[in-house]
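This report refers to the structure that appears directly beneath it.
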Amino acid sequence: MPELPEVEVTRRGLAPRLAGRVISGVEVREPRLRWPISAEVRSLAGRTVKAVRRRGKYLLVDCGDGHLILHLGMSGSLRVLPPGTPAGKHDHFDLLFGDRLLRLRDPRRFGAVLWAPGDAKMHRLLAHLGVEPLSRALDAARLHALTRAHRTAIKLFLMDARRIVGVGNIYASESLFRAGINPRMKANRLSLEKSRRLSAAIKLTLRKAIRAGGSTLRDFVGADGNAGYFQQRYWVYDRAGKPCRRCGSTVKKIQQGQRSTYYCATCQR
Ligand SMILES: [Zn+2]
């Protein structure tokens, strides 16, 4: 599943290739994604792309009077291709630009292509999203303040998009390891010092993943290959039963909110 780093790497790949270009047409081969592709999306021709932004895991193609909202769902990927590139079975949507096209491939069809007139921040999908983890807004004081009212486990708190947006299962486990915090600790027990360590660990973990993805950028802008979810080396994620890379203790796996959490009980007290 594409996580925030994949979406941010996609944004960085798309932005310079789409900004300033005029949309010449829209091709919908399969309108039944997570929500049906609307008539408004089909009539985007003539608009100019001002910028490609991101909010959480949503890509926002700024068209001046509104935004095309793109979400990759469980299996989606976006690529910029030459015009006339034959479409595969799962290539459901193209945004045409004359000399190139933006193509959404989404085998499981949990992705989304939506039009949001006006200010996209007010769209029902975006209005309630929490703080951006890579922004300056997430610092020790903010994380400390956000956690005060929550007795839920810190791992589940991190994954709640209404508090902090875009920290998925992998990055929650990895950030807590880096910060030396037990994933079962209650969120409201987080001290200011631990808030400092954790906010820094979240940013470092996401930035490292984005950097790892940078090298695979060509795979999803250009060649019609397998689009890029990148492989990384993890501290604890998916390493149950293996030795901790820091202390050698056995990495543990527990269930939290129906998701697997990986941690080292020695390093994360
Ligand atoms: Zn350890």
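When a ligand or atom number is given, it counts from 1 through the structure's own listing order.
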Atoms of protein origin (N, O or S) under 2.8 Å from the Zn ion (ligand 1):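 Hits for the Zn ion (ligand 1) below 2.8 Å: Cys244 SG, Cys247 SG, Cys264 SG, Cys267 SG.
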
Exam field: side chain [X] to backbone [Y], donor-acceptor pair closer than 3.5 Å:
{"X": "Arg163", "Y": "Val131", "result": "no"}
{"X": "Arg103", "Y": "Thr85", "result": "yes"}
{"X": "Arg109", "Y": "Leu33", "result": "no"}

Pair Thr261-Gln255, side-chain donor/acceptor within less than 3.5 Å: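 No, no side-chain donor-acceptor contact under 3.5 Å.
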
Thr147-Asn188 side chain donor-acceptor pair, cut-off 3.5 Å: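 On atom types as modelled, these side chains do not qualify, holding no pair under 3.5 Å.
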
Selection residues 47-67 - residue pairs positive for salt bridge (Lys or Arg N to Asp or Glu O under 4.0 Å), sequence neighbours left out: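 Of all non-adjacent pairs touching residues 47-67, those that pass salt bridge (Lys or Arg N to Asp or Glu O under 4.0 Å) are Glu3-Lys57, Glu8-Arg54, Arg47-Asp65, Arg53-Asp62, Arg54-Glu132, Arg55-Glu132.
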
